[in-house]
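A quick write-up on the structure given underneath.
The model shown is predicted, which means the values in this text are computed figures rather than measured ones.
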Amino acid sequence: MSTSIVSSQMEFKNYKKFHYTLAGRPLVIETGKMAGLANGSVLIRYGETAVLCCATASEKPRDGIDFLPLSVDFDERMYAAGKIPGGYLKREGKPSEKAILTSRVIDRPIRPLFPKDLRNDVALTLTVMSVDPDCAPEVAAMIGASTALAISDIPWNGPIGGLHVGLINGEYVINPTTEQQKVSDLQLTVAASMEKVVMIEAGANEVDDKVMYDAIMLAHKEIKELLGFINAIIDEIGKPKFDYPSCELDHDMFDKIFDFCEKDVMFALDTDDKTVRDARMFPIKEAILEKFTEEYPDLPTMMEELVYKIQKKIVRRWLLVDKKRVDGRSMNQIRGLAAEVDILPRAHGSGLFTRGQTQVLTVATLGTLSEAQMLDGIDSETSKRYMHHYNMPGFSTGEAKAVRSPGRREIGHGALAERSLVPVLPSEEEFPYAIRLVSDVVSSNGSTSQGSVCGSTLALMAAGVPIKAPVAGISCGLITAEDGSWDTMIDIQGLEDFYGDMDFKVAGTKKGITSIQMDLKIDGLTPEIIARAFEQTKAGREYIIDEVILKAIDAPRAEVSKYAPKMTSFMIDPDKIREVIGKGGSVIQKICADSGAKVDINDDGMITIAAINGESAAIAKSMIDAIVFEPEVGCTYAGTVVKILASKDKPNEDIGCFVEYAPGKEGMVHISKICQKRINKVTDAGIDVGSAVKVKFMGLDKKGRMDFSIRDAE
């Protein structure tokens, strides 16, 4: 009995391929071949970069939530870069910090364009399958995610497009290559719809505000052309959007409860103290439940969303109509400021920055370059010498919750502060240290990330890090109305961030911008709003630098803390590295043990010695100098006779002696070159083991051996 297998050639009837050119490189979007069960999927190719972008949504809303349950995952596959993952398991584990940051960059422009009453789970999975270093996978993933959502049946008001902008020798470059990025003064990411800019993320080498603004406008112009391409795809293969049950609060119920508690909530919110505000709101919530639960039995489950919308309506009305802020400030007024350094005596550097009820303590620690962070990712970056970590424990907001490992928000805020300070850090050659900053938020009421930037400047200067200029950060908020009117406000606190439309964070020196991060809750910004945000944040950061930071510490300390390691750096011949390390590391281990210093060696021959005191560093350096020392032909050296070499064949004659001409370095002097007259024994010249002599290096003999002479040194 035989079994026959029957099959047919697979046909992808819905397969489509769309071509575009972005920054001179081919951009290809394929649909209909892979991930056919997702609501929407595309394989996007940019150059040789390939990212599979899939959008899926649950059939029903998630119960008991008052937000859109959206997840965006930038999923790096190490095979994309031809690498095998490090570690014991040799497989991809938790996402890298860069993957998390990329997920956040893509999430931010996409999230505001979903319907406000959608509660279905939505997942965007962006799998990086191939990496062309000159075609950023982040850009491809953002475009692919937008296209996958737009052609799917998931309700979404896109599409958006995104790209990078560089600045090289004063000229803008769209999607710069790897080599161009190395010399670029700007690393700008912009996402936009046809009408508005929806996301800005930037790092810059003190770039002027006007230059930054023009770069954003150029990016928007390029994105509009890209969106024409994406819209053509949507017109051809886009699906009708599915219907969903609206999770909007009942309007009649909201109006009735709002009328009941409006005046009490206005009183509760009218304070600059978050603790007082929360205390005032508690009895109001109890009163609402007592009066309306019988009429609306589901009210307890909707209470948080209800109170949020009541407060939001009042705060937005104050800002738009009355130009009133909850703490009584004017729209361009910064909260009370304070700055201190040297809070912690044993830390290498510490700074406490306070803005209203937001307070951040940043601590700087200096270490050897070998303590730089090792990176295992799909790009070419393998290490970083400057690390910034941000923590926001529960007590900072008055919440009783246990300490947990950092989430995406903490990683994102740490990376933003890190990016803000990198442009002003000294080079490794100028300051051969690894630097770690930890920003602990000890009190939070808005704009903690920018408080971290200011605290970091204080800590670095206190630690004796010779930064080029102090950096300050501040945020600008936005309030908009249905009629198109709008207004901005400087230094937003928690409620204004929570109920407003924008958190536009800008950090920089007095010379220019070093970082930007923009979060939106609306469908985008006009050029006029962006220009106003730059104007306000520039004035704000300059004020903080002059009136707060420089009054706390006017310049970086001339020396590092007495508790910080002291660094000595010098170069040796790379061919000598093996001698300094020794077999199995025996030589360098002995140097460290005998001197008490720590020694790092780079492949290029750079030696860095770290020690708590100068004496230990000097001992280590002298030991290394001795190992790598090479005599110069014709030079004379003071030495000591360490051995006399007798002739085996002629017992009454010596071959010569060995002289230690440098610590650990010996050379032989032939018997014929000990003195002017002929002698048979070294001792005939009055020389014995332990005798101090002078030797002259004559060069190499015929057999390639080093040739020394006592006779010619006289």
Side-chain angles (χ1 to χ4, degrees), residues 39 56-71 111-123 153-157 241-271 273-321 326 394 397-402 404 407 409 445 479 481-482 494-501 521-522:
N39 294 66
T56 51
S58 61
E59 293 184 3
K60 297 179 180 179
R62 192 194 297 185
D63 292 331
I65 60 171
D66 58 0
F67 60 91
L68 170 69
L70 168 67
S71 63
R111 185 178 293 270
L113 300 181
F114 282 95
K116 302 301 182 186
D117 57 347
L118 180 66
R119 298 292 180 267
N120 298 56
D121 284 273
V122 179
D153 59 349
I154 301 171
W156 186 61
N157 299 318
K241 302 301 184 182
F242 64 68
D243 294 325
Y244 61 93
S246 174
C247 294
E248 188 71 34
L249 287 175
D250 179 82
H251 292 286
D252 291 337
M253 177 190 73
F254 177 83
D255 291 341
K256 188 180 294 186
I257 295 175
F258 183 83
D259 291 340
F260 168 75
C261 66
E262 178 183 4
K263 291 183 179 179
D264 291 334
V265 174
M266 288 174 66
F267 172 75
L269 296 179
D270 195 8
T271 175
D273 192 322
K274 181 177 181 294
T275 305
V276 172
R277 185 185 309 124
D278 292 343
R280 289 175 178 177
M281 283 302 303
F282 183 77
I284 298 173
K285 295 177 184 178
E286 293 293 310
I288 292 171
L289 288 171
E290 182 178 348
K291 182 170 181 63
F292 293 100
T293 300
E294 183 176 347
E295 183 177 356
Y296 304 108
D298 294 332
L299 182 60
T301 63
M302 299 182 288
M303 194 63 188
E304 290 304 314
E305 184 177 7
L306 176 69
V307 171
Y308 164 80
K309 293 196 171 183
I310 291 171
Q311 292 181 333
K312 181 176 181 179
K313 183 174 180 178
I314 291 171
V315 171
R316 292 179 68 86
R317 186 176 65 196
W318 277 349
L319 290 169
L320 270 171
V321 179
V326 293
T397 56
E399 297 176 85
K401 63 181 183 181
R404 295 285 185 266
R409 181 180 180 276
N445 188 13
I479 195 77
E482 292 182 2
L495 273 185
E496 292 165 340
D497 184 8
F498 205 43
Y499 300 131
D501 296 322
K521 297 175 185 174
I522 55 175

Can you confirm whether more than 12 heavy atoms, excluding those of [X], are under 6.0 Å from its [atom1] atom?
{"X": "K60", "atom1": "NZ", "answer": "no"}
{"X": "K241", "atom1": "NZ", "answer": "yes"}
{"X": "D243", "atom1": "CG", "answer": "no"}
{"X": "E295", "atom1": "CD", "answer": "yes"}
{"X": "E290", "atom1": "CD", "answer": "no"}
{"X": "E59", "atom1": "CD", "answer": "no"}
{"X": "D63", "atom1": "CG", "answer": "no"}

Please report the shortest heavy-atom distance between [X] and [Y], naming the atom on each side.
{"X": "I479", "Y": "G500", "answer": "CD1-CA, 4.4 Å"}
{"X": "I284", "Y": "A268", "answer": "CD1-CB, 3.9 Å"}
{"X": "A402", "Y": "R404", "answer": "CB-NH1, 3.0 Å"}
{"X": "K116", "Y": "R119", "answer": "O-NH1, 2.9 Å"}
{"X": "L319", "Y": "E496", "answer": "CD2-OE2, 4.3 Å"}

Sequence neighbours excluded, the answer for ring pair (Phe, Tyr, Trp, His ring centres under 6.0 Å) partners of F498 is Y308
Applying ring pair (Phe, Tyr, Trp, His ring centres under 6.0 Å) to F254 and not counting sequence neighbours gives F258
Lys/Arg-Asp/Glu bridge criterion (N-O < 4.0 Å) met for K256, D252:
no
Rounded to the nearest 0.5 Å, what separates atom [atom1] in [X] from atom [atom2] in [Y]?
{"X": "D278", "Y": "T271", "atom1": "CG", "atom2": "OG1", "value": "10.0 Å"}
{"X": "D117", "Y": "D66", "atom1": "CG", "atom2": "CG", "value": "13.0 Å"}
{"X": "W318", "Y": "M266", "atom1": "CH2", "atom2": "CE", "value": "5.5 Å"}
{"X": "D264", "Y": "E262", "atom1": "CG", "atom2": "CD", "value": "10.0 Å"}
{"X": "N445", "Y": "D273", "atom1": "CG", "atom2": "CG", "value": "8.5 Å"}

Using modelled atom types and a 3.5 Å cut-off, is there a donor and acceptor pairing between side-chain atoms of [X] and backbone atoms of [Y]?
{"X": "R280", "Y": "L269", "result": "no"}
{"X": "N39", "Y": "I154", "result": "no"}
{"X": "R62", "Y": "P69", "result": "no"}

Mind checking whether [X] and [Y] have side chains closer than 4.5 Å, heavy atoms only?
{"X": "L118", "Y": "W156", "result": "no"}
{"X": "N120", "Y": "S58", "result": "yes"}
{"X": "L299", "Y": "I288", "result": "yes"}
{"X": "P155", "Y": "F242", "result": "yes"}

Next item on the list: Show the numbers, then the answer: is there a side chain to side chain contact (heavy atoms under 4.5 Å, CB included) between R277 and L495?
Entry: CA-CA 10 Å; R277 185 185 309 124; L495 273 185; 3.4 Å; yes
In Q311, K521, K309, the residue satisfying side-chain contact (heavy atoms from CB on, under 4.5 Å) with Y499 is Q311
